[in-house]
A.B. asks: 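This structure is in structure tokens; I'll ask about it shortly.
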Amino acid sequence: MMNNKQLADTFTLIADLLEIKGEIIYKTIAYRKAAESLAGLSREASEYWKEKKLQEIPGVGKAIAEKIDELLSTGKLEFLEKLKKEVHPDLATWMKVPSLGPKKIAMISKELKITSLADLEKAAKAGKLRNLPGMGAKSETAILEGLASLSRRTGRISIGKALPLANEIIAALKKVKGVTDAQPAGSLRRMRSTVGDLDILVAAKDSSAVMDAFTTLPRVSRVLGKGETKSSVEFSDGVRAQVWVHPPEKFGTALQYATGSKDHNVQLRQLALDKGLSLSEHSFLNVKTKKEIFCATEDEVYKTLGLAWIPPELREGRDEIALAKANKLPKLIEAKDIKSNLHMHSTYSDGALSMLDMTQAAIKRGLQVIAFTDHSVSLGVTNGLSIERHKQQAAEIKKLQKQFGDEITILHASEVEIKADGSLDYPDDFLASLDLVVASLHSSLRQPREKITERLLNAVNNPHVDIIGHPTGREIPDREGADLDMETILKAAAKSGVAMEISASPYRLDLDDHHARRAAELGVLLSINTDAHSEQDYDMLPYGVAIARRAGLTKDNVINTWPPKKLLDWLKKRG
DNA sequence: GCCGTTTTCGGCCCGACTGTTTTCAGTCG
């Protein structure tokens with residue numbers, strides 16, 4: 001049975017091949033839209049399919065619903081097999097080469113009768129591209145550089161790497177004379193778990209000094225383009241960034257536009273047209289009077305449309321504009337609402353710092369409750385704790401608690417392994433003696449869907465388990481999560497009352513925002529934790545909060561916002 | 001191919017930048 005990602009990949013492939021074939025662009029766009037929509041679904045498409053409700057998926061109409069049906073029932077698609085005979089499927093990989101688009105791909109492949117990337121590189125190196133129609137020496141070099149950058153780049157980068165780098169660039173650009181503001185934009189500002197390029201928006205009257213500063217930043221290895229309003233560069237590690245400069249009086253429309261998402265902007269422009277206004281990155285234009293309205297801030301942009309300002313994390317073109325219209329936007333959770341960290345490690349297992357150091361660092365950050373969830377015995381590589389060593393840890397926590405008194409509550413807990421056979425790593429009576437239990441998967445993540453789902457359900461239904469840690473086990477950007485039936489798991493969690501974790505580690509961010517959104521819909525409690533192994537890891541909290549914000553969560557959904565007494569009562573009641 | 005308080009046809013974002021042109025095509029976001 002194909003999952004959402006596989007379906008999305010299939011439709012993306014179809015879109016690429018159709019575009020190279022020269023099919024009308026809107027058909028291609030329709031396939032891409034459906035692919036994006038499938039990839040971002042909070043439930044499996046196969047469930048919509050079973051309920052015969054495929055066309056309820058945004059961007060899926062009759063034709064694509066029929067194709068999903070064929071893919072899910074047979075695992076194949078006649079339409080795609082036929083298409084592959086018309087356009088060689090290897091050409092889809094060419095679409096990833098910067099500077100190559102569908103037109104050039106079709107032309108080069110036809111003229112030179114080649115389909116593989118390797119042959120393309122050979123042809124470029126042999127100087128065979130420069131004489132093709134519409135090409136020249138520079139296009140040939142651009143393709144060679146594109147191929148080189150493709151092999152250097154690992155694709156999308158984690159928000160945990162992207163945001164600090166963007167902040168560095170922003171700090172440098174803010175020092176340029178005449179710059180009044182600089183902000184991240186694009187998926188970076190919307191806090192997606194991974195981002196492609198870094199988009200940065202600068203407010204300044206004169207752009208030339210900004211562009212000069214940007215294109216000569218340290219570690220810039222190539223300048224991909226440099227213009228009056230926009231420049232882009234590639235850094236030595238393959239990461240790309242681009243900067244737009246707009247005058248301060250137009251910064252609001254420009255920032256709104258550059259933040260996206262595309263879907264959000266399309267809807268917003270439509271709403272503007274309904275009011276007789278045409279919205280662009282430069283201004284609103286009154287269609288009748290031709291009068292221009294400038295917005296220096298985003299707040300003014302939304303206000304002009306009669307909307308409350310929409311937090312960037314919500315701007316994915318779902319229901320946020322309708323909610324803003326009805327003045328029903330959720331009051332999103334904020335990092336300052338978090339009072340506890342219920343998943344962290346010390347030197348008892350694989351943490352870098354002693355419990356004392358971790359406690360002091362937590363107090364410094366204003367945390368009121370922390371739980372030491374060192375690994376359990378079977379996770380040997382992490383120095384997992386035997387029950388004997390737990391006794392020692394319990395005694396030390398008691399001592400620490402005495403030392404810090406009212407300053408902080410320290411819980412004796414465990415991150416207990418959900419073993420390959422589905423059993424937990426400690427017997428129930430021992431789990432019952434702990435203040436808090438996080439149950440997580442670290443091993444045998446590639447088990448078949450049914451087996452690994454069953455395994456997680458065992459933990460969800462164990463009355464001593466309080467939190468399911470990083471539920472899918474995904475690692476960004478390289479490791480996909482386990483193939484879980486998340487809908488079944490979330491429904492079970494709603495029933496058992498266990499909290500599902502949103503791991504704030506930027507290399508996990510697990511649950512993701514789609515699953516977190518679905519969890520909240522089903523009434524499941526959530527818990528945002530850093531899984532800290534060092535002092536700096538505490539500061540990853542905002543990434544977890546960002547996931548929760550993208551999921552539309554308020555602080556009510558998240559147990560870490562609860563006052564200590566409420567949290568401790570809840571834990572006691574769970575046993 | 002999708003979609004719908006301009007609905008079952010006819011739209012679907014479009015501007016900046018680059019390179020190859022000589023007024024424009026292709027790519028990108």
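First the proteins, then the strands, lettered A, B, ... as listed; each starts at 1. Reckoned from all heavy atoms, side chains included, excluding hydrogens, waters and symmetry mates.
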A.B. asks: Could you tell me the separation between the CG atom of L150(A) and the P atom of dC28(B), rounded to a whole number of Å?
C.D. replies: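 My rounded result for the distance is 12 Å.
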A.B. asks: Contact list please: residues 260-297 of chain A against DNA chain B, heavy atoms, distance less than 4.0 Å, in numerical order.
C.D. replies: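 Nucleic-acid contacts, sorted: V266(A), R269(A), H282(A).
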A.B. asks: Please report the distance separating the C1' of dC13(B) from the corresponding atom of dC28(B), rounded so that it comes out in whole Å.
C.D. replies: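 Going atom to atom, C1' in each nucleotide, I get 13 Å.
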A.B. asks: Looking at R32(A) and D16(A), does any basic side-chain N land under 4.0 Å from a carboxylate oxygen?
C.D. replies: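 Looking at R32(A) and D16(A), the cut-off is met.
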A.B. asks: To the closest 0.5 Å, what do you measure between CG (D212(A)) and OG (S231(A))?
C.D. replies: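 Here the rounded value is 8.5 Å.
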A.B. asks: Identify the nucleotide, in any strand shown, that forms a Watson-Crick or G-U wobble pair with dG11(B), with both distances under 3.5 Å; if there is none, say none.
C.D. replies: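 WC or wobble partner is dC2(B).
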A.B. asks: Is a salt bridge present between D483(A) and R449(A), judged by a nitrogen-to-oxygen distance below 4.0 Å?
C.D. replies: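 Yes, this pair counts.
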A.B. asks: When rounded to the nearest Å, what value does the distance between P atoms of dG10(B) and dG15(B) take?
C.D. replies: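 Approximately 25 Å lies between the P atom of dG10(B) and that of dG15(B).
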A.B. asks: Provide, to the nearest angstrom, the distance between the CD1 atom belonging to I25(A) and the C1' atom belonging to dA25(B).
C.D. replies: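 One finds 14 Å between C1' of dA25(B) and CD1 of I25(A), rounded.
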A.B. asks: Over how many whole Å does the gap from M95(A) atom CE to dG26(B) atom P extend?
C.D. replies: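 So the CE-P distance, M95(A) to dG26(B), works out to 14 Å.
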A.B. asks: Can you tell me the distance, in whole Å, between the CZ atom of R32(A) and the C1' atom of dC13(B)?
C.D. replies: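 It is 16 Å, rounded to the nearest whole Å.
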A.B. asks: Quick test of your reading of the model: are K5(A) and D9(A) salt-bridged, counting only N-O distances below 4.0 Å?
C.D. replies: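 D9(A) and K5(A): salt-bridged.
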A.B. asks: Over all strands shown, is L100(A) touching base, sugar-phosphate only, or nothing at heavy-atom distances under 4.0 angstrom?
C.D. replies: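 Here L100(A) touches the backbone only, sparing every base.
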A.B. asks: Starting at atom CZ of R189(A), determine the distance to atom P of dG29(B), rounded to an integer number of angstrom.
C.D. replies: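 That distance rounds to 20 Å.
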A.B. asks: For the pair made of NZ in K27(A) and P in dC2(B), what is the distance, rounded to whole Å?
C.D. replies: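 Distance, rounded to whole Å: 10 Å.
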A.B. asks: Can you identify which nucleotide, out of dA16(B), dG1(B), dG26(B), has its nearest atom closest to the A30(A) side chain?
C.D. replies: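 Within the option list, the nearest is dG1(B).
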A.B. asks: Determine the Euclidean distance between corresponding C1' atoms of dT18(B) and dT22(B); express it in Å to zero decimal places.
C.D. replies: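 Each nucleotide's C1' atom is 16 Å from the other's.
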A.B. asks: Compare the minimum distances between each of dG29(B), dT20(B), dG26(B) and the side chain of D199(A), then state the nucleotide with the smallest one.
C.D. replies: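 The answer is dG29(B), which lies nearest to the side chain.
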A.B. asks: Starting the side chain at C-beta, find the nucleotide from dG1(B), dG29(B), dG26(B) nearest to W244(A).
C.D. replies: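 Closest nucleotide among those given: dG29(B).
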A.B. asks: Between dT20(B) and dA25(B), how far is it from one C1' atom to the other, in whole Å?
C.D. replies: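 After rounding to an integer number of Å, I get 9 Å for this pair.
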A.B. asks: I'd like to know if E521(A) and R518(A) make a salt bridge, using a cut-off of under 4.0 Å between side-chain N and carboxylate O.
C.D. replies: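 Looking at E521(A) and R518(A), the cut-off is met.
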A.B. asks: Would you indicate what K33(A) reaches in the nucleic acid, counting non-hydrogen atoms under 4.0 angstrom: base, sugar-phosphate, or nothing?
C.D. replies: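 Since no nucleic acid heavy atom lies under 4.0 Å of K33(A), the category is nothing.
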A.B. asks: From the list dG29(B), dC2(B), dT27(B), which nucleotide is the closest neighbour of the side chain of Q242(A)?
C.D. replies: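 Closest of the options to the side chain of Q242(A): dG29(B).
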A.B. asks: Any side-chain N or O of T229(A) under 4.0 Å from OP1/OP2 of dC17(B)?
C.D. replies: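 Answer yes for this pair, as a side-chain N or O of T229(A) is under 4.0 Å from OP1 or OP2.
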A.B. asks: Take atom C1' in dG11(B) and the same atom in dT6(B), then report the distance between them in whole Å.
C.D. replies: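 About 11 Å, rounded to a whole number of Å.
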A.B. asks: dG1(B) phosphate, OP1 or OP2: any side-chain N/O from Y26(A) under 4.0 angstrom?
C.D. replies: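 No.
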A.B. asks: Please determine whether a side-chain nitrogen of the Lys or Arg among R190(A) and D513(A) lies less than 4.0 Å from a carboxylate oxygen of the Asp or Glu.
C.D. replies: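 Salt bridge absent between R190(A) and D513(A).
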A.B. asks: Would you mind telling me which residue lines up with the more 5' stretch of DNA chain B, I29(A) or P133(A), judged by nearest nucleotide?
C.D. replies: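 Its nearest nucleotide being more 5', the pick is I29(A).
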A.B. asks: State whether K67(A) places a side-chain N or O below 4.0 Å from either non-bridging phosphate oxygen (OP1 or OP2) of dG1(B).
C.D. replies: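 Yes.
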A.B. asks: For A185(A), answer base if it contacts any base atom (sugar-phosphate contacts may also be present), sugar-phosphate if it contacts only those atoms, and nothing otherwise; contact means non-hydrogen atoms under 4.0 Å.
C.D. replies: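 If one applies the 4.0 Å heavy-atom cut-off, A185(A) turns out to touch nothing in the nucleic acid.
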A.B. asks: In plain terms, say whether E36(A) and K262(A) are close enough for a salt bridge, that is, a side-chain N and a carboxylate O under 4.0 Å apart.
C.D. replies: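 Looking at E36(A) and K262(A), the cut-off is not met.
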A.B. asks: Quick one: Y257(A) OH to dC14(B) C1', roughly how many Å, whole number?
C.D. replies: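 In whole Å, dC14(B) C1' lies 7 Å from Y257(A) OH.
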A.B. asks: Give me the distance, rounded to whole Å, that separates dT8(B) from dG1(B) when you measure between the C1' atoms they each carry.
C.D. replies: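 Result for the C1' pair: 14 Å, nearest Å.
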A.B. asks: Between dG26(B) and dT21(B), how far is it from one C1' atom to the other, in whole Å?
C.D. replies: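 Here dG26(B) and dT21(B) have their C1' atoms 12 Å from each other.
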A.B. asks: By nearest heavy atom, map L132(A) and S99(A) onto DNA chain B; which one lands nearer the 5' end?
C.D. replies: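 The answer here is L132(A).
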A.B. asks: Less than 4.0 Å between a side-chain N and a carboxylate O, is that true for K82(A) and E86(A)?
C.D. replies: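 Not counted as a salt bridge, because no side-chain N and carboxylate O are separated by less than 4.0 Å.
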A.B. asks: Let me know the distance between CD of E140(A) and C1' of dT27(B), rounded to the nearest Å.
C.D. replies: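 Those two atoms, CD and C1', are 18 Å apart.
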A.B. asks: Please verify the inter-ring angle class for Y31(A) with F79(A); under 30° counts as parallel, over 60° as perpendicular, anything in between as tilted.
C.D. replies: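 Parallel, since the angle between the ring planes stays under 30°.
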